[in-house]
Amino acid sequence: MTLGLFLAACGNNEEASSESSGSDGGSSEFESATWRFVTEEVQGQVQYVYAEEFAKRISEKTDGKITVEPYEYGGLGTETDQVAALQGGAVELAVMSPGFTGNMVMEGQIFALHFLFPDSVEKTQEILNTSEALNVDLVEKYEAHGITPLAFWTEGAMAWTSNAGVSEPGDFKGFKMRIQESPLMQESYKAYGASPQALPWSELYTALDRGTVDGQENPVFFIYDAAFNEVQDTVTLSNHNNYVAMTTVNTDWYNSQPENVQKLISETVKEMQDWAYDEQDRQNTEFLEKMKNDTDNPVEIIELTEEQRSEFRELALPIRDYYRENISTVEGAILDKLEEEIEAAK
Ligand code: 6CS
């Protein structure tokens with residue numbers, strides 16, 4: 001049965017070899033294997049360097065017996081194609097943004113709720129590390145679709161980019177906002193008066209350049225590295241939400257691994273939570289400075305006051321009820337628990 005699941009997960013790619021003989025859990029017991037690890041970002045960006053670091057650690061811990069091959073965004077299609085690749089076993093591991101499973105794992109859209117997590121990115125990471133609502137209840141929802149999230153981590157506070165500048169909800173009136181594939185993201189931006197449109201990020205630079213969309217949201221490191229500042233005139237440091245990524249594995253493949261391999265993966269992912277936090281912090285800090293000093297592609301940086309942020313927060317709060325009533329399959333139970341955990345963490 002286990003072998004059957006493993007073979008099914010491998011599809012027709014013979015390279016997906018991560019079988020190991022029964023082991024006593026010692027590092028010398030690992031058998032040679034190659035795992036494919038797809039990310040939604042390109043070389044140098046947070047998700048990709050995360051996969052590289054993971055590969056390095058796995059190689060060190062197994063004396064080079066297990067090789068992890070990081071794949072950058074693009075080679076396997078769009079982000080939703082990558083979700084399918086993980087589910088079908090074409091890759092064993094993936095960094096995934098919950099927004100791209102928005103039409104499949106309904107509960108995962110919880111991360112699209114604005115002003116839910118604390119303003120502090122550090123505090124948010126603590127909650128992502130410890131939340132039972134996310135690490136137990138939400139994980140089960142993903143597992144029903146063959147995806148096991150092993151960790152949730154932030155890529156930083158999000159900012160809005162646009163040409164006209166966004167500093168109050170009225171600025172979103174008639175605004176064509178690029179979003180990921182998530183009905184809840186649609187609702188969130190409709191509440192501000194915008195017209196949301198789902199797009200993969202590979203099409204985003206051109207869409208912004210041509211005016212197919214007027215703006216988008218992302219952490220600062222990504223805005224600068226993807227050169228959106230070349231085609232946008234303003235960046236609003238809104239911190240309306242955190243960009244959350246998940247380290248995921250194909251559920252059947254993971255469950256078919258011997259205990260020592262599962263432990264190797266889960267411990268390495270856990271150990272890397274602090275590393276991921278520091279990496280996004282470093283990139284977001286460095287790229288904000290670069291963006292401020294970029295005279296070739298100058299952008300106006302708009303820093304929202306607390307009063308301005310509260311205007312957006314007021315419009316965003318009712319979306320939690322929308323989530324409970326129209327999105328959640330468990331009447332908002334995961335959100336209820338997460339809200340309690342966030343409250344306790346404050
Ligand atoms: O906006 C996006 O869709 C992309 N943003 C980030 C920070 N990572 C990958 C994702 O696809």
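Note that the structure is a prediction, hence the values are computed from the model and not measured. In each ligand, atom 1 is the first atom listed, and ligand 1 is the first ligand listed.
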Below 4.0 angstrom, N of the basic side chain to O of the carboxylate: do Glu339 and Arg324 qualify?
->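 Yes.
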Is the shortest N/O to N/O distance between [X] and ligand 1 below 3.5 Å?
X      : result
Glu217 : no
Glu79  : yes
Ser97  : no

Below 6.0 angstrom between ring centroids: does that apply to [X] and [Y]?
X      : Y      : value
Trp160 : Phe312 : yes
His240 : Tyr192 : no
Phe152 : Phe111 : yes
Tyr189 : Phe172 : yes

Is it the side chain (CB and beyond), the backbone, both or neither of Tyr243 that lies under 4.0 Å from ligand 1, heavy atoms counted?
-> side chain
At under 4.0 Å between heavy atoms, what of Gln216 touches ligand 1? The answer is neither
Which residue and heavy atom of the protein sit nearest atom 5 (N) of ligand 1, plus the separation =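 The answer is Asn218 OD1, 2.9 Å.
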Nearest non-hydrogen protein atom to atom 3 (O) of ligand 1, with distance, is Arg178 NH2, 2.9 Å
Residue list, side-chain hydrogen bond (donor to acceptor under 3.5 Å, both in side chains) with Glu132, at least two apart or on another chain =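 Glu132 satisfies side-chain hydrogen bond (donor to acceptor under 3.5 Å, both in side chains) with Lys337 once adjacent residues are dropped.
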Enumerate the atoms of ligand 1 whose separation from the nearest heavy atom of [X] is less than 4.0 angstrom.
X      : result
Glu40  : 9 (C), 11 (O)
Phe100 : 3 (O), 11 (O)
Glu41  : 6 (C), 7 (C), 8 (N), 9 (C)

Has Asp274 got more than 12 heavy atoms of other residues, nucleotides or ligands less than 6.0 Å from its CG?
->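 Result for CG/Asp274: open.
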